[in-house]
Amino acid sequence: MGVMKERAINLLDEYGDLVDVYYTQFIEVAFFLKVPASHEMVLAFLKKKLPQLTSQELSFLINEITSAYHDSI
């Protein structure tokens, strides 16, 4: 297995659930306050919650989580 593929799997195993919860919280608050939510705002919020992850890692996790949602629609 490639190093990048292994890293992706580890990220999803370790942080997938946390990012899902924090991402959902952010979206719910933005919806409740009726303010637009940009990708940059989500990254800044998640970076405060999970400072050990890079922006690229967080973007990857967001894309994986949201793509799974879109695939099921």
Does one hydrophobic cluster hold both [X] and [Y], with members joined at side-chain heavy-atom distances below 4.5 Å?
X   : Y   : value
Y22 : I27 : yes
L50 : V21 : no
V35 : F31 : no

Nearest-0.5 Å distance that lies between atom CD in Q56 and atom CG in L58: 9.0 Å
Spacing of CD belonging to E14 relative to CG belonging to L61, to within rounding of 0.5 Å: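 Atom-to-atom, E14:CD and L61:CG are 10.0 Å apart.
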Quick check: do [X] and [Y] have side-chain heavy atoms less than 4.5 Å from each other?
X   : Y   : result
L53 : L11 : yes
I62 : L43 : yes
Q52 : Y15 : yes
F60 : L12 : yes

E28 side chain vs Q25 backbone, donor-acceptor pair below 3.5 Å: no
Under the ring-ring contact (aromatic ring centres under 6.0 Å, His included) test, residues paired with F45 that sit two or more places apart: F26
Partner set under side-chain hydrogen bond (donor to acceptor under 3.5 Å, both in side chains) for S59, not counting sequence neighbours: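 H39.
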Heavy-atom closest contact (Y23 atom, L46 atom, distance):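 That closest heavy-atom pairing would be N-CD2, 4.0 Å.
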Shortest non-hydrogen contact from M41 toward A37: SD-CA, 4.4 Å
